[in-house]
Undergrad: 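Here it is: the structure, laid out below.
Position 1 is the first residue of the sequence; numbering continues from there.
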Amino acid sequence: MTSDVLPGDLHFMDRALSLAARGLFTTMPNPRVGCVLVKAGAIVAEGWHERAGAPHAEAHALQAAGERARGTTAYVTLEPCSHTGRTPPCADALIAAGVTRVVAAMQDPNPLVAGQGFARLRAAGIPVTVGLQEQQARELNIGFISRMTRGRPWVRSKIAMSLDGRTALANGASQWITGVEARTDGHRLRARSCATLTGLGTLRKDDPALTVRLVDSPRQPIRIVVDNRLDAPLDARIFEGGGTWLFTVCDDAVRARPYRERGVEVVVLPPAANGRLDFAAMLQFMGQRELNEVTIEAGPRLNGPLLEAGVFDEFVFYVAPTLLGEGAAGVMDIHPLTDLSQRFDLVIDSVAPVGKDWRIVARQKSASQQVG
């Protein structure tokens with residue numbers, strides 16, 4: 001971060017970040033962005049990006065300010081865009097409005113911008129400060145950054161488990177290990193996700209809808225099923241209402257037809273060496289379809305291969321203060337390790353109480369380094 005931070009900058013950037021967070025459930029595939037226009041230590045106007053195709057945060061704030069925008073400092077959580085997409089360039093709008101200083105939390109990772117917005121502002125004689133509250137801004141758009149820099153979404157695994165690491169009884173019963181507060185928090189993860197994903201085993205055992213129900217959200221995530229042989233029951237709740245994808249290696253138009261007739265998008269991908277779905281190809285497809293964040297809610301039989309394939313970036317464990325004992329289902333079915341050097345080490349990001357349970361967020365070190 002540059003050293004030209006002035007008194008009050010932190011306060012106004014925090015306000016811009018809180019505005020950006022209002023788009024947590026709605027802006028995808030766009031980033032979540034907030035903007036505050038300030039003159040003489042007072043807020044003149046503010047705005048935030050609500051959804052793709054709607055005006056950007058800067059445009060909202062400038063419209064609200066009108067002529068009062070002249071001579072203001074603009075606090076933005078992401079570099080103002082310099083290209084024409086669904087909306088005109090925000091850098092040009094700030095220049096035209098007479099803004100005299102810009103404070104940005106971070107540079108836009110989008111190659112179409114990537115410093116060009118800052119360059120336009122500086123070329124117009126507007127001082128630019130970059131890096132204030134950058135980590136907070138990156139966390140807010142961790143999926144967008146992942147897609148722009150890696151070509152794939154940020155993938156989190158949501159797991160509800162007992163204190164001894166069990167996710168279900170031997171007979172499959174798992175509802176409910178955790179309390180309603182933890183389940184509500186899990187629905188917030190769904191609401192901020194572009195998609196939720198599960199496997200055939202969970203589909204047969206729990207018949208999840210994977211919709212957002214326990215929190216208010218104006219949109220539902222895409223729902224995804226991994227089904228290598230197209231064996232998923234057609235009456236599964238996840239296929240109700242459309243908006244579902246099904247990833248498979250079974251290139252059989254006859255078997256796929258009933259799903260497509262239900263409005264399911266059947267995506268046939270080439271198999272990996274083991275004959276099953278190529279997860280790398282799946283992630284690439286998701287990136288091409290502009291998915292920023294994907295939350296996986298699966299059982300140990302799918303979680304294990306996904307872990308071994310390096311799919312997961314983040315784990316959100318909801319841990320209940322209860323014990324289920326030997327014979328209950330575990331978290332991950334992975335190949336037996338023969339040496340401790342083969343273990344999957346994670347970095348704990350946060351630990352917090354959620355009702356009677358605990359939420360532990362842990363990340364793959366490599367993923368945090370790539371987007372952090």
Undergrad: Write down the atom of V44, the atom of A65, and the distance for their closest heavy-atom approach.
TA: CG1-CB, 4.0 Å
Undergrad: Tell me the closest heavy-atom pair linking R32 and L24, and the distance in Å.
TA: NH2-O, 3.0 Å
Undergrad: What's the verdict on side chain to side chain donor-acceptor pair (under 3.5 Å) for R147 and N292, showing C-alpha distance, side-chain angles and the deciding distance?
TA: CA-CA 6 Å; R147 181 166 64 86; N292 292 340; 2.6 Å; yes
Undergrad: Kindly compute the distance separating CG (L307) from CG (L346), expressed to the nearest 0.5 Å.
TA: 8.0 Å
Undergrad: Taking T202 for the side chain and T198 for the main chain, is one N or O donor matched with an acceptor at less than 3.5 Å?
TA: no
Undergrad: Answer yes if V33 and M106 sit in the same cluster of Ile, Leu, Val, Met, Phe, Trp and Tyr residues linked by side chain heavy atoms under 4.5 Å apart, and no otherwise.
TA: yes
Undergrad: With hydrophobic residues grouped by side-chain heavy-atom distances under 4.5 Å, do V225 and V311 end up in a single group?
TA: no
Undergrad: Step by step, work out the side chain to side chain contact (heavy atoms under 4.5 Å, CB included) result for I145 and R138.
TA: CA-CA 7 Å; I145 295 169; R138 296 183 76 87; 3.8 Å; yes
Undergrad: Could you tell me whether the side chain of L197 reaches within less than 4.5 Å of the side chain of M282, counting heavy atoms only?
TA: yes
Undergrad: Contact between P233 and L200 at the side-chain level, heavy atoms closer than 4.5 Å - yes or no?
TA: yes
Undergrad: Within the supplied structure, the quantity of interest is the number of heavy atoms (other residues, nucleotides, ligands) at a distance under 6.0 Å from Q63 CD; does it exceed 12?
TA: no
Undergrad: At their closest point, which heavy atom of R192 faces which heavy atom of L140, and how far apart are they?
TA: NH2-O, 3.9 Å
Undergrad: What do you reckon, is CZ of R255 surrounded by more than 12 foreign heavy atoms closer than 6.0 Å?
TA: yes
Undergrad: Under 3.5 Å, is there a donor-acceptor pair between the side chain of R68 and the main chain of A64?
TA: yes
Undergrad: Can you tell me if S162 and R166 form a side-chain donor-acceptor pair at under 3.5 Å?
TA: no
Undergrad: Just by modelled atom types, is the T27 backbone N or O under 3.5 Å from a matching donor or acceptor in the H49 side chain?
TA: no
Undergrad: Any heavy-atom pair between the side chains of D313 and R152 that's under 4.5 Å?
TA: yes
Undergrad: Do V76 and F118 sit in one hydrophobic cluster, given that two such residues count as connected whenever their side-chain heavy atoms are within less than 4.5 Å of each other, even indirectly?
TA: yes
Undergrad: Are the charged groups of R363 and E139 less than 4.0 angstrom apart, N to O?
TA: yes
Undergrad: Check this for me: does any side-chain nitrogen of one of E297 and R190 sit under 4.0 Å from a carboxylate oxygen of the other?
TA: yes
Undergrad: The test is side chain to side chain contact (heavy atoms under 4.5 Å, CB included); show your working for D14 and H11 and say whether it passes.
TA: CA-CA 5 Å; D14 283 343; H11 169 74; 5.9 Å; no
Undergrad: Taking 4.0 angstrom as the limit, do E181 and R359 come out as a salt bridge?
TA: no
Undergrad: Within the structure provided, determine whether V266 and T248 are in side-chain contact (heavy-atom separation under 4.5 Å).
TA: yes
Undergrad: I'd like to know whether W154 forms a side chain to side chain donor-acceptor pair (under 3.5 Å) with E293, so could you lay out the CA-CA distance, the side-chain angles of the two residues, the decisive distance to 0.1 Å, and finally the verdict.
TA: CA-CA 5 Å; W154 179 265; E293 298 180 27; over 6 Å; no
Undergrad: Got a second to check how far L269's CG is from Q284's CD, nearest 0.5 Å?
TA: 9.5 Å
Undergrad: Where do N110 and F144 come nearest, in terms of heavy atoms and distance?
TA: CB-CZ, 4.3 Å
Undergrad: At what distance, to the nearest 0.5 angstrom, does SG of C250 lie from CG of D231?
TA: 8.0 Å
Undergrad: Quick check: closest heavy atoms across L78 and P109, and the distance to 0.1 Å?
TA: CD1-CD, 4.2 Å
Undergrad: Taking C-beta and beyond as the side chain, do L246 and V264 meet within less than 4.5 Å on heavy atoms?
TA: yes
Undergrad: Please check: side-chain N/O of R223 versus main-chain N/O of G242, any donor-acceptor pairing under 3.5 Å?
TA: yes
Undergrad: When you measure from the side chain of Q342 to the backbone N and O of T338, does any donor-acceptor pair fall under 3.5 Å?
TA: yes
Undergrad: Count I, L, V, M, F, W, Y as connected when their side-chain heavy atoms are under 4.5 Å apart, and connections chain through other members. Are L6 and L132 then in the same cluster?
TA: no
Undergrad: Please tell me if the side chains of R289 and W245 come closer than 4.5 Å, counting only heavy atoms from C-beta onward.
TA: yes
Undergrad: Does R70 offer a backbone N or O that forms a donor-acceptor pair with the side chain of K39 under 3.5 Å?
TA: yes
Undergrad: For residues V319 and V316: do they belong to one hydrophobic cluster (side chain heavy atoms under 4.5 Å, members Ile, Leu, Val, Met, Phe, Trp, Tyr)?
TA: no
Undergrad: Roughly how far, to the nearest 0.5 Å, is CD1 of I177 from OG1 of T322?
TA: 8.5 Å
Undergrad: Does atom CG of D251 have more than 12 heavy-atom neighbours, drawn from other residues, nucleotides or ligands, at distances under 6.0 Å?
TA: no
Undergrad: Salt bridge (charged side-chain N to carboxylate O under 4.0 Å, His left out) between E265 and R260: does it pass, once the steps are laid out?
TA: CA-CA 6 Å; E265 182 172 349; R260 290 182 170 133; over 6 Å; no
Undergrad: In the structure I gave you, are the side-chain heavy atoms of D349 and I360 within less than 4.5 Å of one another anywhere?
TA: no
Undergrad: Run I159 and T167 through side chain to side chain contact (heavy atoms under 4.5 Å, CB included) and show every step you take.
TA: CA-CA 8 Å; I159 297 172; T167 59; 3.9 Å; yes
Undergrad: Nearest 0.5 angstrom please: D108 CG to S82 OG, how far?
TA: 8.0 Å
Undergrad: Between T129 and V5, is there a side-chain heavy-atom distance shorter than 4.5 Å?
TA: yes
Undergrad: Let's go through V294 and R156 carefully: what are the C-alpha distance in whole Å and the side-chain angles of both, what is the deciding distance for side chain to side chain contact (heavy atoms under 4.5 Å, CB included) to 0.1 Å, and is it a yes or a no?
TA: CA-CA 6 Å; V294 174; R156 67 172 57 90; over 6 Å; no
Undergrad: Determine yes or no for a side-chain-to-main-chain donor-acceptor pair under 3.5 angstrom, with T211 supplying the side chain and R213 the backbone.
TA: no
Undergrad: Check P271 against V249 and note the closest heavy-atom contact, atom names and distance.
TA: CA-CG1, 3.8 Å
Undergrad: What orientation do F247 and F285 show, parallel under 30°, tilted 30 to 60°, or perpendicular over 60°?
TA: perpendicular
Undergrad: For E326, does the CD atom sit with more than 12 other heavy atoms under 6.0 Å from it, leaving out its own atoms?
TA: no
Undergrad: Could you check whether any side-chain N or O of S146 sits under 3.5 Å from a backbone N or O of I142, counting only pairs where one atom can act as donor and the other as acceptor?
TA: no
Undergrad: Keeping Q220 on the side-chain end and V212 on the backbone end, is there a donor-acceptor pair under 3.5 Å?
TA: yes
Undergrad: Test R343 against D345 for salt bridge (charged side-chain N to carboxylate O under 4.0 Å, His left out), laying out the working first.
TA: CA-CA 6 Å; R343 64 192 179 189; D345 287 332; 3.1 Å; yes
Undergrad: Say whether, by atom type as modelled, one donor and one acceptor occur between the side chain of R219 and the main chain of T26 under 3.5 angstrom.
TA: no
Undergrad: Should we say atom CG of D216 is surrounded by more than 12 heavy atoms from elsewhere, each under 6.0 Å from it?
TA: no
Undergrad: Indicate whether the side chain of D357 and that of T178 have a donor and an acceptor atom separated by less than 3.5 Å.
TA: no
Undergrad: Going from OH on Y259 to CG on D227, what distance comes out if it is rounded to the nearest 0.5 angstrom?
TA: 5.5 Å
